[in-house]
Amino acid sequence: VALSQALDSELQVKYFSAGIDIYPVKCDLCCALQYPEIDVEKANKKVSDALLKYLRTLANDPPYSHQNELLVVDEAMKLFSLMSDEDRQWSLEFLLCEFAKLGVQVILVLHASNLSALVGSKNTEGLANTFKQSVSFIGCSSKAVKTKGLKKLNIASGEYFKANPDNFAT
(Lines give C-alpha, C1' and ligand atoms only; values in the text may rest on other atoms or scores of the structure.)
Protein backbone atom coordinates (compact mmCIF):
# COMPACT_ATOMS: atom_id res chain seq x y z
CA VAL A 1 0.00 0.00 0.00
CA ALA A 2 1.34 3.40 -0.91
CA LEU A 3 2.15 5.81 1.91
CA SER A 4 -0.43 8.23 0.48
CA GLN A 5 -3.16 5.60 0.85
CA ALA A 6 -2.29 4.34 4.33
CA LEU A 7 -5.24 6.09 5.99
CA ASP A 8 -7.70 5.98 3.10
CA SER A 9 -7.39 3.50 0.26
CA GLU A 10 -9.48 5.80 -1.95
CA LEU A 11 -7.26 8.87 -1.42
CA GLN A 12 -6.12 10.49 -4.66
CA VAL A 13 -3.03 12.71 -4.39
CA LYS A 14 -2.40 15.50 -6.90
CA TYR A 15 1.21 16.69 -6.46
CA PHE A 16 2.69 19.79 -8.12
CA SER A 17 6.33 20.68 -7.59
CA ALA A 18 9.04 22.90 -9.00
CA GLY A 19 12.35 21.21 -9.53
CA ILE A 20 13.42 17.65 -10.10
CA ASP A 21 13.13 15.93 -6.72
CA ILE A 22 12.10 12.32 -6.27
CA TYR A 23 8.76 11.87 -4.52
CA PRO A 24 8.07 9.18 -1.90
CA VAL A 25 4.33 8.85 -2.43
CA LYS A 26 2.13 7.38 -5.11
CA CYS A 27 0.48 10.36 -6.75
CA ASP A 28 -0.55 12.16 -9.89
CA LEU A 29 2.71 14.10 -10.21
CA CYS A 30 3.36 17.24 -12.22
CA CYS A 31 6.98 18.41 -11.99
CA ALA A 32 9.88 19.62 -14.12
CA LEU A 33 11.00 16.03 -14.75
CA GLN A 34 8.07 15.68 -17.14
CA TYR A 35 9.69 18.20 -19.50
CA PRO A 36 13.22 16.86 -20.11
CA GLU A 37 13.45 18.60 -23.48
CA ILE A 38 13.46 22.11 -21.94
CA ASP A 39 15.47 23.80 -19.19
CA VAL A 40 14.26 23.62 -15.59
CA GLU A 41 12.99 27.22 -15.40
CA LYS A 42 10.78 26.78 -18.46
CA ALA A 43 9.64 23.41 -17.13
CA ASN A 44 8.75 25.00 -13.77
CA LYS A 45 6.65 27.58 -15.61
CA LYS A 46 4.76 24.73 -17.31
CA VAL A 47 4.13 23.16 -13.88
CA SER A 48 2.91 26.51 -12.55
CA ASP A 49 0.58 26.84 -15.54
CA ALA A 50 -0.72 23.30 -14.93
CA LEU A 51 -1.40 24.13 -11.27
CA LEU A 52 -3.36 27.22 -12.26
CA LYS A 53 -5.34 25.22 -14.84
CA TYR A 54 -6.12 22.55 -12.22
CA LEU A 55 -7.36 25.18 -9.74
CA ARG A 56 -9.48 26.91 -12.38
CA THR A 57 -11.04 23.56 -13.35
CA LEU A 58 -12.02 22.92 -9.73
CA ALA A 59 -13.54 26.39 -9.38
CA ASN A 60 -16.69 25.27 -11.21
CA ASP A 61 -17.18 22.00 -9.34
CA PRO A 62 -20.00 21.55 -6.79
CA PRO A 63 -19.29 21.68 -3.03
CA TYR A 64 -17.81 18.54 -1.44
CA SER A 65 -17.35 16.83 -4.79
CA HIS A 66 -13.65 16.02 -4.12
CA GLN A 67 -13.65 14.54 -0.61
CA ASN A 68 -11.03 11.86 -1.24
CA GLU A 69 -8.43 14.18 -2.73
CA LEU A 70 -5.26 15.72 -1.41
CA LEU A 71 -3.47 18.54 -3.20
CA VAL A 72 0.23 18.96 -2.42
CA VAL A 73 1.97 22.05 -3.75
CA ASP A 74 5.67 21.53 -3.08
CA GLU A 75 7.97 24.50 -3.66
CA ALA A 76 4.79 26.58 -3.55
CA MET A 77 6.86 29.78 -3.38
CA LYS A 78 8.43 29.05 -6.73
CA LEU A 79 5.26 27.91 -8.47
CA PHE A 80 3.18 30.89 -7.30
CA SER A 81 5.99 33.32 -8.18
CA LEU A 82 5.84 32.14 -11.80
CA MET A 83 2.19 33.21 -12.10
CA SER A 84 1.14 36.70 -13.10
CA ASP A 85 0.11 38.94 -10.18
CA GLU A 86 -3.54 38.54 -11.17
CA ASP A 87 -3.35 34.73 -11.43
CA ARG A 88 -1.38 34.47 -8.15
CA GLN A 89 -3.98 36.58 -6.33
CA TRP A 90 -6.85 34.54 -7.78
CA SER A 91 -5.14 31.25 -6.88
CA LEU A 92 -4.47 32.28 -3.29
CA GLU A 93 -7.98 33.63 -2.81
CA PHE A 94 -9.43 30.43 -4.27
CA LEU A 95 -7.28 28.25 -2.01
CA LEU A 96 -8.33 30.28 1.03
CA CYS A 97 -11.97 31.01 0.36
CA GLU A 98 -13.37 28.26 -1.83
CA PHE A 99 -11.03 25.30 -1.86
CA ALA A 100 -12.10 23.77 1.48
CA LYS A 101 -15.72 23.79 0.29
CA LEU A 102 -14.74 21.22 -2.35
CA GLY A 103 -13.59 18.78 0.30
CA VAL A 104 -9.99 18.72 -0.96
CA GLN A 105 -7.24 18.72 1.64
CA VAL A 106 -4.26 20.92 0.80
CA ILE A 107 -0.62 20.88 1.87
CA LEU A 108 1.62 23.76 0.86
CA VAL A 109 5.34 23.07 1.18
CA LEU A 110 7.05 26.44 1.46
CA HIS A 111 10.75 26.96 1.06
CA ALA A 112 10.79 30.37 2.74
CA SER A 113 11.17 31.88 6.17
CA ASN A 114 7.99 33.93 6.47
CA LEU A 115 4.45 34.18 5.18
CA SER A 116 4.96 37.52 3.41
CA ALA A 117 7.12 35.68 0.89
CA LEU A 118 3.96 33.92 -0.29
CA VAL A 119 1.15 36.39 0.29
CA GLY A 120 3.31 39.38 -0.58
CA SER A 121 3.14 42.97 0.46
CA LYS A 122 0.75 44.20 -2.22
CA ASN A 123 -2.92 43.32 -2.66
CA THR A 124 -2.57 39.84 -1.13
CA GLU A 125 -0.97 40.98 2.13
CA GLY A 126 -4.30 40.85 3.99
CA LEU A 127 -4.57 37.12 3.29
CA ALA A 128 -1.86 36.31 5.84
CA ASN A 129 -4.16 35.87 8.86
CA THR A 130 -6.62 33.75 6.90
CA PHE A 131 -3.72 31.60 5.69
CA LYS A 132 -2.50 31.10 9.23
CA GLN A 133 -5.90 29.86 10.36
CA SER A 134 -6.98 27.71 7.42
CA VAL A 135 -3.92 26.09 5.86
CA SER A 136 -1.42 23.63 7.30
CA PHE A 137 2.13 24.67 6.50
CA ILE A 138 4.84 22.08 6.05
CA GLY A 139 8.49 23.12 6.16
CA CYS A 140 11.38 21.33 4.57
CA SER A 141 14.75 21.56 6.28
CA SER A 142 17.75 22.35 4.14
CA LYS A 143 21.40 21.66 4.59
CA ALA A 144 24.51 23.22 3.13
CA VAL A 145 26.59 20.93 0.95
CA LYS A 146 30.13 21.92 0.04
CA THR A 147 30.74 22.12 -3.70
CA LYS A 148 33.96 23.53 -5.19
CA GLY A 149 36.34 25.70 -3.23
CA LEU A 150 34.53 27.83 -0.67
CA LYS A 151 31.15 27.45 -2.33
CA LYS A 152 28.23 25.75 -0.63
CA LEU A 153 24.84 24.84 -2.01
CA ASN A 154 21.68 24.66 0.11
CA ILE A 155 19.65 21.57 -0.73
CA ALA A 156 16.43 20.15 0.67
CA SER A 157 17.21 17.52 3.30
CA GLY A 158 14.00 15.58 2.81
CA GLU A 159 13.13 16.24 6.46
CA TYR A 160 9.69 17.82 6.71
CA PHE A 161 8.05 19.45 9.72
CA LYS A 162 4.81 21.22 10.55
CA ALA A 163 5.73 24.88 10.41
CA ASN A 164 4.69 27.65 12.76
CA PRO A 165 2.77 30.11 10.49
CA ASP A 166 4.27 33.08 12.38
CA ASN A 167 7.85 31.91 11.86
CA PHE A 168 8.52 29.08 9.44
CA ALA A 169 11.94 28.51 10.93
CA THR A 170 10.40 27.16 14.15
Side-chain angles (χ1 to χ4, degrees), residues 3-4 12-59 69-99 104-128 131 135-163 165 167-169:
L3 176 64
S4 62
Q12 298 297 311
V13 179
K14 186 79 171 167
Y15 202 117
F16 291 87
S17 181
I20 54 172
D21 298 335
I22 295 175
Y23 304 93
V25 296
K26 182 179 178 182
C27 59
D28 182 3
L29 175 64
C30 183
C31 73
L33 286 173
Q34 294 173 304
Y35 306 99
E37 69 282 356
I38 59 178
D39 70 50
V40 172
E41 283 305 309
K42 289 179 183 172
N44 286 337
K45 175 64 173 132
K46 286 186 173 279
V47 174
S48 179
D49 292 345
L51 172 60
L52 178 62
K53 182 179 178 182
Y54 171 73
L55 295 175
R56 290 209 185 269
T57 300
L58 291 178
E69 293 182 28
L70 170 65
L71 169 65
V72 179
V73 183
D74 196 353
E75 305 246 8
M77 302 299 305
K78 180 66 172 180
L79 294 178
F80 286 121
S81 75
L82 295 171
M83 294 178 184
S84 70
D85 287 344
E86 182 179 309
D87 287 339
R88 180 173 41 254
Q89 180 179 351
W90 179 89
S91 296
L92 293 172
E93 287 177 356
F94 178 69
L95 283 170
L96 292 173
C97 302
E98 303 296 327
F99 205 68
V104 181
Q105 300 171 52
V106 64
I107 296 174
L108 300 177
V109 182
L110 305 176
H111 295 263
S113 60
N114 62 63
L115 192 57
S116 65
L118 178 63
V119 297
S121 57
K122 295 181 186 175
N123 53 1
T124 56
E125 183 176 23
L127 297 175
F131 247 69
V135 175
S136 295
F137 293 97
I138 305 297
C140 181
S141 299
S142 63
K143 60 182 175 181
V145 175
K146 188 175 179 178
T147 57
K148 291 184 177 182
L150 299 175
K151 293 183 179 181
K152 289 187 177 181
L153 178 65
N154 284 329
I155 61 167
S157 68
E159 296 175 16
Y160 293 89
F161 59 92
K162 184 169 182 178
N167 180 351
F168 294 155

Asker: Would you give the length of the straight line joining atom CG of L82 to atom CZ of R88, rounded to the nearest 0.5 angstrom?
Answerer: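 Answer rounded to 0.5 Å: 9.0 Å.
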
Asker: Can you name the ring pair (Phe, Tyr, Trp, His ring centres under 6.0 Å) partners of Y35, sequence neighbours left out?
Answerer: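 None.
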
Asker: Which value, rounded to the nearest 0.5 Å, describes the distance between L71 atom CG and K14 atom NZ?
Answerer: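 Interatomic distance, L71 CG to K14 NZ, rounded to 0.5 Å: 9.0 Å.
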
Asker: Considering the options L70, D74, V13, which one meets the side chain to side chain contact (heavy atoms under 4.5 Å, CB included) requirement together with I107?
Answerer: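 In the set L70, D74, V13, the residue that makes a side chain to side chain contact (heavy atoms under 4.5 Å, CB included) with I107 is L70.
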
Asker: Quick check against the 3.5 Å criterion: does Q34 have a side-chain atom that pairs as donor or acceptor with the backbone of L29?
Answerer: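 Looks like yes, one N/O pair under 3.5 Å.
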
Asker: Pick from L79, L95, V47: which one makes a side chain to side chain contact (heavy atoms under 4.5 Å, CB included) with V73?
Answerer: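 Answer to the side chain to side chain contact (heavy atoms under 4.5 Å, CB included) test with V73 among L79, L95, V47: L79.
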
Asker: Before you tell me yes or no, could you show the steps for W90 and M83 under side-chain contact (heavy atoms from CB on, under 4.5 Å), namely the whole-Å CA-CA distance, both residues' side-chain angles and the distance that decides it to 0.1 Å?
Answerer: CA-CA 10 Å; W90 179 89; M83 294 178 184; over 6 Å; no

Asker: List the residues meeting side chain to side chain donor-acceptor pair (under 3.5 Å) with S84, not counting sequence neighbours, and say none if there are none.
Answerer: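 If we apply the side chain to side chain donor-acceptor pair (under 3.5 Å) test to S84, skipping adjacent residues, the hits are D87.
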
Asker: Scan residues 36-48 for pairs that pass side chain to side chain donor-acceptor pair (under 3.5 Å), counting only residues two or more places apart or in two chains.
Answerer: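 Output for this query lists E41-K78, K45-D49.
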
Asker: Hey, which of F94, F16, Y15 is the one that makes ring-ring contact (aromatic ring centres under 6.0 Å, His included) with Y54?
Answerer: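 Only one option passes, and that is F16.
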
Asker: Within the distance-only criterion (no hydrogens, no angle test), does the side chain of Q89 pair as donor or acceptor with the backbone N or O of E86 below 3.5 angstrom?
Answerer: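 No; zero donor-acceptor contacts below 3.5 Å.
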
